[in-house]
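Structure, as structure tokens:
Counting begins at 1 with the first residue of the sequence. Basis for what follows: all heavy atoms, side chains included, without hydrogens, waters or symmetry-related copies.
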Amino acid sequence: MSFSDLGLSEQVLKAVSDAGYQTPTPIQAQAIPYVLMGRDVLGIAQTGTGKTASFTLPMIDILSAGRAKARMPRSLILEPTRELAAQVAENFDTYGKYTKLSKALLIGGVSFSDQEQVLDRGVDVLIATPGRLMDQFERGKVLLNDVKLLVIDEADRMLDMGFIPDIEKIVGFLPKIRQTLFFSATMPPEIRRLTETFLINPKQISVAPASKPTVENVTQGLIVVPTAEAKRDALRTLLTREPVKNALIFCNRKRDIGALQKSLERHGFNAGALHGDMHQSVRTETLEKFKSGGITLLVCSDVAARGLDIDDMSHVINFDVPIHAEDYIHRIGRTARAGRPGTAFTLATPADGKFVSAIERLIHKEIPRVEVDGLSGAALEADDGRRRRGSAPKGEPRAKAEPRPKAEPRSRARAEDAPIPIDAAAPMVVHSPAPTPTATVTPFRQRPRHDDREDRTPVVGLGDHVPAFLLRTVKAVGSVRG
Ligand code: AMP
């Protein structure tokens with residue numbers, strides 16, 4: 001199967017070939033012909049499967065006939081986060097470079113007035129996060145009654161983030177006669193219900209996760225420090241010892257991100273920060289710097305890093321153990337991409353025991369324990385609150401009498417399942433003795449609405465509702481031709 005078998009136009013095929021794609025991915029091969037036929041499509045596919053091109057490529061051809069009217073976009077793509085929306089917009093630039101479609105990106109953190117100007121000129125493709133679209137709709141700046149093609153992307157993530165009521169409202173404003181393409185990595189009952197209301201006789205396409213995420217190729221290590229305060233020290237030691245080309249450093253809470261970044265900078269590390277409350281222009285600039293190597297370390301949140309697609313990432317460090325086990329997979333899956341090696345370390349305190357257990361159940365293996373210069377070696381509390389084997393009292397380092405096998409060869413230490421010591425001369429990477437079983441993301445678990453995973457306080461639309469007057473003007477809209 002090649003792209004030319006799918007019914008796409010010459011212009012799109014040329015752009016695809018310029019992008020260096022040789023063969024369609026399974027979701028592309030299966031979805032594109034149906035989208036071109038005008039059928040509704042229900043795609044059960046994760047990020048990384050090539051799903052974005054599976055809807056953008058045929059959309060470009062469908063939309064190239066016809067013209068946009070002022071404030072009345074002809075198609076609408078709903079994305080859960082600004083970053084995903086921006087990536088879809090980039091896709092239109094890449095694949096639409098030989099066509100004249102216009103697009104607008106309607107995301108939080110960008111000035112309303114810039115967005116309004118572009119909407120006024122008329123756009124073929126409107127790519128939006130639900131919160132900002134609702135704002136603009138309620139201000140009368142966008143009319144949805146000419147939308148003939150709707151894409152709902154990452155629906156399960158929308159559910160996680162509490163966007164479903166907004167989406168139901170938005171879909172209520174669209175014409176009943178339209179084509180709908182609906183993508184979700186998982187199909188919890190709430191999402192199934194939506195597909196039954198939004199889609200008419202859809203072609204259902206289900207594809208396996210692209211790169212079986214993570215654990216197979218990622219060398220992993222767990223560093224258990226006695227207290228939360230000890231994490232920064234352990235992190236700095238790690239960063240000094242490891243051959244870090246670039247690294248994402250994940251925090252669970254937005255408020256910790258800036259503090260950690262500043263602390264790293266104070267210690268001479270080249271670090272940036274990325275989280276949902278930052279101004280969009282700063283986020284874009286930071287990402288560009290990170291991608292181009294101007295920043296080596298990026299302290300970030302799950303949401304901000306979602307969909308971040310950098311092939312050559314040497315390390316992922318979980319400064320905090322993720323609270324939802326499947327986030328571990330998403331996080332560490334940012335490294336070891338495209339066949340390259342990658343390393344992921346997780347810093348934990350004894351109280352993180354139950355979260356570590358959940359991750360280990362998910363990935364079907366124990367994450368090898370790694371010791372860092374006597375800073376680590378504390379024991380995790382077990383799920384039931386008791387300490388695990390060989391544990392030190394909560395909050396205290398491992399007792400001196402319990403020998404840390406510093407001088408032992410690593411293989412032996414590992415054979416005994418003891419923490420693997422790190423000595424100053426050696427790199428810190430611990431290679432797993434056997435390939436790790438593939439982990440797949442667990443079935444959907446209902447989370448509280450407005451849970452953005454970065455902190456536990458209710459959040460409205462993840463920064464999509466940042467008032468415009470707090471933000472400087474940034475141009476984030478333009479025609480596909482640039
Ligand atoms: P997505 O699942 O849409 O996030 O795409 C994941 C990555 O795959 C992106 O970096 C795309 O540029 C890339 N990609 C999409 N389609 C293809 C293809 N047919 N061949 C190679 N790479 C692709």
Side-chain angles (χ1 to χ4, degrees), residues 1-66 74-79 84-103 105 124-127 148-154 178-185 199 202-213 307-312 337-340 478-482:
M1 169 78 67
S2 83
F3 276 105
S4 54
D5 300 326
L6 301 178
L8 294 163
S9 69
E10 284 307 317
Q11 291 102 305
V12 169
L13 289 176
K14 189 157 165 11
V16 165
S17 145
D18 291 354
Y21 304 162
Q22 282 164 4
T23 43
T25 64
I27 184 92
Q28 292 162 2
Q30 294 176 68
I32 290 172
Y34 285 96
V35 180
L36 288 173
M37 264 181 233
R39 278 278 296 271
D40 283 2
V41 167
L42 170 56
I44 303 169
Q46 292 187 342
T47 302
T49 53
K51 72 176 164 60
T52 317
S54 81
F55 62 83
T56 50
L57 298 177
M59 275 179 81
I60 291 167
D61 279 343
I62 291 170
L63 294 168
S64 53
R74 300 165 61 211
S75 65
L76 171 65
I77 300 174
L78 292 173
E79 292 289 337
L84 281 166
Q87 279 187 12
V88 171
E90 271 178 35
N91 267 247
F92 274 98
D93 288 335
T94 309
Y95 309 133
K97 65 184 193 179
Y98 299 114
T99 63
K100 279 191 183 143
L101 295 180
S102 59
K103 67 172 193 308
L105 190 54
D124 298 301
V125 187
L126 180 59
I127 306 156
K148 307 266 174 13
L149 208 166
L150 166 70
V151 179
I152 298 177
D153 195 17
E154 306 243 344
R178 57 161 201 269
Q179 183 178 9
T180 305
L181 315 175
F182 190 106
F183 294 88
S184 190
L199 299 163
K203 170 70 187 168
Q204 182 166 325
I205 297 163
S206 185
V207 296
S211 45
K212 294 164 187 154
L308 197 68
D309 195 10
I310 298 172
D311 276 350
D312 196 9
R337 289 168 89 89
R340 292 186 171 87
S479 84
V480 170
R481 283 207 132 183

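- If you take CD1 on I205 and CG on L181, they are separated by 9.5 Å, rounding to the nearest 0.5 Å.
- The CG atom of L105 sits 11.5 Å away from atom CZ of F92, with the distance rounded to the nearest 0.5 Å.
- Interatomic distance, CD of E154 versus CZ of F182, reported as 11.5 Å (0.5 Å rounding).
- Side-chain atoms of D5 come within 3.5 Å of backbone atoms of S2 as a donor-acceptor pair (strictly under, hydrogens ignored).
- Contact detail for I127 and A89: the closest heavy-atom pair is CD1-CA, 3.6 Å.
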Take I62 and K148, measure what side-chain contact (heavy atoms from CB on, under 4.5 Å) needs, and give me the verdict at the end. CA-CA 10 Å; I62 291 170; K148 307 266 174 13; over 6 Å; no
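- A 6.0 Å sphere centred on CZ of F3 holds more than 12 heavy atoms belonging to other residues, nucleotides or ligands.
- A pairwise comparison of heavy atoms in I27 and S54 identifies CG1-OG, 3.8 Å as the closest pair.
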side-chain contact (heavy atoms from CB on, under 4.5 Å) assessment of L8 paired with L36: CA-CA 8 Å; L8 294 163; L36 288 173; 4.2 Å; yes
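- The backbone N or O of L63 lies less than 3.5 Å from a partner atom in the side chain of R74, making a donor-acceptor pair.
- For the atom pair CG (L6) and CG (L57), the distance works out to 8.5 Å, reported to the nearest 0.5 Å.
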Intermediate values then yes/no, side-chain contact (heavy atoms from CB on, under 4.5 Å), Q30 and V41: CA-CA 10 Å; Q30 294 176 68; V41 167; over 6 Å; no
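- Looking only at distances, a side-chain donor or acceptor of D124 sits under 3.5 Å from a matching main-chain atom of S102.
- Expressed to the nearest 0.5 Å, how far CZ of F183 lies from CG of L42 amounts to 9.0 Å.
- Across all their heavy atoms, Q46 and A185 have their closest contact at CG-CB, 3.6 Å.
- Looking at E79, its side chain never comes within 3.5 Å of a backbone N or O of D153 through a donor-acceptor pair.
- At least one donor-acceptor pair closer than 3.5 Å links the side chain of T94 to the backbone N or O of E90.
- The distance from atom CE of M1 to atom OG1 of T25, rounded to the nearest 0.5 Å, is 11.0 Å.
- Listed here is the closest heavy atom pair of A45 and V207: CB-CG2, 3.5 Å.
- A donor-acceptor pair under 3.5 Å is formed between the side chain of D40 and the backbone N or O of T180.
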Between T52 and V88, does a side-chain contact (heavy atoms from CB on, under 4.5 Å) hold up when you go through it step by step? CA-CA 7 Å; T52 317; V88 171; 3.8 Å; yes
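- Heavy atoms only, all atoms of each residue included: M59 and S75 are closest at CE-OG, 3.5 Å.
- Taking every heavy atom of both residues into account, A15 and K97 meet most closely at CB-CG, 4.3 Å.
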